[in-house]
Amino acid sequence: MTFTKTSQKFGQWADSRANTVYGLGFSSEHHLTKFAEKFQEFKEAARLAKEKSQEKMELTSTPSQESAGGDIQSPLTPESINGTDDERTTPEVTQNFEPRAEPTQNALPFTHSSAINKHWEAELATLKGNNAKLTAALLESTANVKQWKQQLAAYQEEAERLHKRVSELECLSSQANAVQTHKTELNQTIQELESTLKKKEEEIERLKEEVEHAKELQDQRDSLSQKLQEVETHNKDLEGQLSDLEQRLQKSQGEQEAFRNNLKTLLEILDGKIFELTELRDNLAKLIECS
């Protein structure tokens, strides 16, 4: 058997031997996922149980044989294949068994078979419990399907009732005067809608013009912003040049002030020299008059 998710809340339970497929619906995706996990778990348990059952059949069907040296061999068991703890630790003893040990060796398969039977009875009880759970889940899914069928039938009845109601309304609306009145009202409504649509179109055209004008203004603003940035850059350059000129002017004024100071000093020296020359001229004149 296989279980396949077909949607978030629906799955298919297929039985290849019976050639049947069951559709299961769930109330939520969580329930579907949980069911699929349990299904896989029980399927795996059934597979293991089948394999163990086959192994049990092979173990019980294998007769005990005697070796050429008179040794007695037990049936094919995991202990006989891998060796028991006593056989692995003391292999020399197993080769020297005497015939009197034969009852013990023959009793081992029956004890082992009894333990296997108990184990498989427990496994069978577990599988029965799992089968009961799966059967309950299937019955619940079947009940859900029946409920959905009832809801679908109710929806179909409601749809038929509404269809009849629509037919009655269509018959009532077939009256000529009502249709004519309704047609007139529709024509008026259409005219009003056309007028409104025309106004809306005019408004849309106006808005388009405003948008284009806004785009032009935006372009002008961008151009002015760029020019303003250029002017600011030019102003910064002019300010730099002005600062340089001011520095030069201050330097020139300092040089002129130094030149004036030097000139005043030179004039004072010249005045002193002129005064000395005047005294020298007067003295020379006096000397000439005396002579």
Donor-acceptor pair, distance only, cut-off 3.5 Å: does the side chain of [X] make one with the backbone of [Y]?
X    : Y    : value
S195 : Q191 : no
S252 : R248 : no
T135 : N131 : yes
N187 : K183 : yes
T265 : N261 : yes

Looking at [atom1] of [X] and [atom2] of [Y], how far apart are the two atoms once the value is rounded to the nearest 0.5 Å?
X    : Y    : atom1 : atom2 : answer
D271 : K264 : CG    : NZ    : 13.0 Å
K50  : L48  : NZ    : CG    : 12.0 Å
T142 : L24  : OG1   : CG    : 7.5 Å
E157 : L152 : CD    : CG    : 10.5 Å
L249 : Q256 : CG    : CD    : 8.5 Å
K198 : T196 : NZ    : OG1   : 12.0 Å

Quick check: are there more than 12 heavy atoms from other residues, nucleotides or ligands sitting under 6.0 Å from [atom1] of [X]?
X    : atom1 : answer
E51  : CD    : yes
E123 : CD    : yes
Q218 : CD    : yes
D282 : CG    : yes

| So which heavy atom on A36 is nearest to which on K5, and how close? |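 Closest approach of A36 to K5, heavy atoms only: CB-CE, 4.0 Å.
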| task | Of all the heavy-atom pairs spanning E29 and K9, show the shortest one and how long it is. | result |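 Shortest heavy-atom contact: N-CG, 4.2 Å.
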| message | I'd like to check L280 versus E276 (side-chain heavy atoms, cut-off strictly below 4.5 Å). Are they in contact? | response |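 No - every pair of side-chain heavy atoms lies 4.5 Å or more apart.
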| Close side-chain approach of L238 and L242, heavy atoms under 4.5 Å |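 The answer is no; the side chains never approach within 4.5 Å.
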State plainly whether one hydrophobic cluster holds both [X] and [Y], where clusters connect Ile, Leu, Val, Met, Phe, Trp and Tyr through side-chain heavy atoms under 4.5 angstrom apart.
X    : Y    : value
L32  : L138 : yes
L127 : F42  : no
F35  : M1   : yes

Does this structure show an ion pair linking [X] with [Y], if we count only N-O contacts that are shorter than 4.0 Å?
X    : Y    : value
R161 : E158 : yes
R206 : E210 : yes
E239 : K236 : no
K199 : E202 : no
R47  : E44  : yes

| Working for side-chain contact (heavy atoms from CB on, under 4.5 Å), residues Q151 and Q147 | CA-CA 6 Å; Q151 292 179 355; Q147 183 179 1; 3.8 Å; yes
| query | Do the ring planes of F26 and F3 sit parallel (below 30°), tilted (30 to 60°) or perpendicular (above 60°)? | reply |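 Perpendicular.
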| message | Checking K34 against H31 for the side-chain contact (heavy atoms from CB on, under 4.5 Å) test, could you report, in this order, the C-alpha distance in whole Å, the side-chain angles of both residues, the deciding distance, and whether it holds? | response | CA-CA 5 Å; K34 188 174 181 181; H31 291 165; 5.7 Å; no
| field | L134 and K38: CA distance, side-chain angles, deciding distance, side-chain contact (heavy atoms from CB on, under 4.5 Å) verdict | value | CA-CA 9 Å; L134 289 174; K38 288 294 182 182; 5.7 Å; no
